[in-house]
Amino acid sequence: MSALAEIQPYVEAFKARPPVPEPSWLVQRRDGAIRRFSELGWPTRKQEAWRFTDLRPLQKSSFPPAAAAGDATEADVAPWRYPNAAHRIVLVDGAFVPALSAIGTLPKGAWLASTSQTLHERPELLEPALRETDVLGGQAFVSLNAALFADGFVLALEPGIALDGAIEIVHLGRAANRSAQLRNLILLGPNSRATLIETYAGAGAYWTNAVGVVGIGIGAVLRHVKLQDEDEAAIHFGHNRIELGRDARYENFTLSLGGRLARTDIHLKLDGEGAACGLYGATLLRDEQEGTIATVVDHAAPHGTTREYFKSVAADRAHGVFLGTIGVRPQAQKTDANQLSKNLLLSRRAAIDTKPELEILADDVKCSHGATVGDLDEAALFYLESRGIPVAEARRMLIEAFATEVIERIEDDAVLRAHLSRHVARWLAAGIAR
Amino acid sequence: MLEIGNLHARIADGREILKGVDLAVKAGEVHAIMGPNGSGKSTLAGVLSGKPGYEVTEGQVLYEGRDLLAMPADERARAGVFLAFQYPVEIPGVNNMYFLRAALNAVRKQRGESEMDAGQFLKAVRAKLKLLEIGEDLLQRGVNVGFSGGEKKRNEIFQMAMLDPKLAILDETDSGLDIDALQMVSRGINALRGPDRAIVMITHYQRLLNYVVPDRVHVLSAGRIVKSGDAALARELEETGYGAYGDAA
Ligand SMILES: Nc1ncnc2c1ncn2[C@@H]1O[C@H](COP(=O)(O)OP(=O)(O)OP(=O)(O)O)[C@@H](O)[C@H]1O
Ligand SMILES: [Mg+2]
C-alpha cells in the first residue's frame, strides 16, 4: 500500500463517525488532530526513534475503530485479575464495560471513571489530556488517537488523597481488524498517592492504540504498572506522557509479553525540583514478535533522580528493541540518573537492538548508563543439567531468573512482585524453542 | 561400573589434554586420582559428566555397560552420575531449594519413584543438612550465591547426599575445607559408600584419604594414568612428590 492509501481508511473512519455531541474545544482538537495525522502519515525508519521498529504489520492492513465493545465475560477477565484490587475498570475494544467493572468506594476528592463518562460529567478534567505536543515522531499515533478516541479511563485525585487499594484497569481486544483508540488520563494532585495496574490483553488480530497523559503534582506518588500480553496476532502501541512536579515520584513497571508488534513509549519530564522516577521492565518475545520499549526522560529541574532498568529476552526469530534517552537540561544540576539495559538472546535468529543515549547539558550531575546483550550462561546451564534437570527446564529456570531479577527490584509490594512473576512463569510454561 | 579405555580429549583451541586414559572402577570401590596441576584431572571429570567444551577424539567410556559419552549431561545425571564441582557455579535468581527439588524429582522420576511433595522434601533436606551442618538459611538463597568457599563444597556433598548417585566424581571437594568441614564432608562421602556404588575422588591431599580410605590410587600426569596402587601410594606421593612421573607423557 502507498503511504497515502495506508492512512486513508483512518481519515474515512474519522469522517464516518456517528454524530455525538461534544464540547467545541474537543471538536476543534479532533479536527486539528486528523489533519495533523494525514500530514504526518506513519513514522518511517528514517526517523531515529523508529529506526528499529518494523511497522509493516500495521501498514499491511487497516484497523478502523471498533464500533462497540465485543463480547467478553468474567472468564475472559479472570486470568488478568490483580489480587486485592479495590477498584476495577474493564474496557473491551476500547469501550467501557460497566458490567465487568467495579469502581468500588472512592473517598471524597477521588475521581475514577471511564473517559466517556468523564467527558460527559467533567469535561474540564479532560482538556489538558488533549494538548498536542510533538513527541519524537510518535505524534502520528497520538494525533490519530486524539481524532478517534471514544473511551479510556480517568483517575483524578485532589490534594492529599491517598488511595490505599490498587486500581485495576483491564483492556481487552476482541475485534479483528479493528482498533481500540484509548485515551487515558491520570492527574494526581499534590501529596496524593495511588497504585494503578493496567493490563492489555485479548484475542485476535486487533490493534490497541493507547495514549495516556499523567500529571503528578507536588509530593504526589504514583506506582504505575503495565502488563501487556496481547494476542500473538495483535498490535499494541502504548504511549504515556508523564510530568512530575516538585518532589513527586513516579514508579513504573512494564511487563511486556508480546504481540505481533508491540511498542511502549514512555516520555517523562521531571519538571519540579527533587522529582524522582523509577522505570523498570521486562520484555519477553518469541516466534516472530516485535517488541520495543522507548523511554525519554527529560530532567528539567535540579535534584532529580532517575533509576531505569529494563531487561528483554528474545527467542526464536523475535526482535526486541530498547531505546532509552536521558536528557539533562542546563538548569537540572545535581541530577542523579542511571540507566541499564540487559538483554538475553535465546536463539541465533533472534535479535535485540539496544540504544542508550545521554544528553547532558548540566555540569554537576551523576549520570551513567550501560547495556549488555548475552546468551544463557553456559556454566550455569551445565550445573543444572549435571544435577539431572532436563535441558528445557534448566533453560526455563535461567530465563525466569533473568526476568524476575528486575521484578525483585520493586520495593515494598510482595503482591505485585508475585503477580508479575506469575505472568512470567505462565509465559515460560508455554515453552521456548531454541 | 565405569570403564574408561584409551580416552583422548581436546579443548576448543585444539590442545589435547587427555592422552589415552585407561581406568576401570568397579561397583563398591573408591578410587582416588591425584596428579600435578594442569594434568587433566578436571578435564577427565568434565568429559565424564558431559561438560561442553571438550571433544573426545578417541577411546570410549562405558557406564554400567552403556556408552556414557553418547548420553547428554542431564541424562547421565539421571542415570546416577554425579559430579562435585571443583568450582561450584553461582546461579543468582534460582533458589537453592527450588533447584534441588527440581533435580531430585527429575532423578526420582527416572528411577520410577513418585515426586516428593513439599513436606517429604523438607524432611529429607533437614536430615541431610544436619549431617553436613549447613544452615537452612543458605537454602533460601540463589544456588551457591554468597556461599563461602567451604560452604560451596559442603553444598556439593549435600546435593550428592540428596540425589543418591551410583557413581560420584568428586573434584577436589576437600580443597579449601577447614578441619571440621573436612570431617563432615568425609562423613558424607563414607555414607554414600556401598556395594552398589562407586566413588572417584580427585584430590591433592593425603588428608582426605585418611578419612575416606581408597581402594585404589592413581596418578594422572600429562593426560595419562602413569601409576596405580593401593592406599599406600598416596602416602608415598606425599613424601616424594610427582617428580618421578613428570615426564610420563
Ligand atoms: N575449557 C578449557 N579451556 C581452556 N583450557 C582448558 C579448558 N579446560 C582445561 N583446560 C586446560 O587443560 C589443562 C588441564 O586442565 P585441568 O583443569 O583438567 O587440570 P587439573 O588436573 O584439574 O588441574 P588442577 O589440579 O590445577 O585442578 C590446563 O592446561 C587447562 O588450562
Ligand atoms: Mg582441577
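Atoms considered below: every heavy atom in the structure, side chains included; atoms not considered: hydrogens, waters and symmetry mates. Within every chain, numbering begins at 1; the chains are lettered A, B, ... in the order of the sequence lines, protein sequences first and strands thereafter.
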*Which one, B/V107, B/N95, B/N144, leads in non-hydrogen pairs under 4.5 Å with chain A?*
B/N144
*Is A/R387 reaching over with its side chain to a backbone N or O of B/L83, donor-acceptor style, under 3.5 angstrom?*
yes
*In terms of heavy-atom pairs under 4.5 Å with chain A, which of B/A79, B/P52, B/A103, B/G93 leads?*
B/A103
_Could you check whether atom NZ of B/K51 has more than 12 heavy atoms from other residues, nucleotides or ligands sitting under 6.0 Å from it?_
no
*Looking only at heavy atoms, which two atoms of A/G388 and B/A77 are closest? And how far apart?*
N-CB, 3.2 Å
*Enter the distance from A/Y383:OH to B/E90:CD here, rounded to the nearest 0.5 Å.*
10.5 Å
*Side chain / backbone / both / neither for A/E378 at chain B, heavy atoms under 4.5 Å*: side chain
*Would you find more than 12 non-hydrogen atoms of other residues, nucleotides or ligands less than 6.0 Å from B/R197 atom CZ?*
yes
_Can you tell me which portion of B/P92 sits under 4.5 Å from chain A's heavy atoms? Options are side chain, backbone, both or neither._
backbone
*Toward chain A, the part of B/V94 with a non-hydrogen atom under 4.5 Å*: both
*Contact summary for B/D74 and A/P390, nearest pair of heavy atoms*: OD2-CA, 3.2 Å
*Let me know if A/E400 has heavy atoms under 4.5 Å from chain B in its side chain, its backbone, both or neither.*
side chain
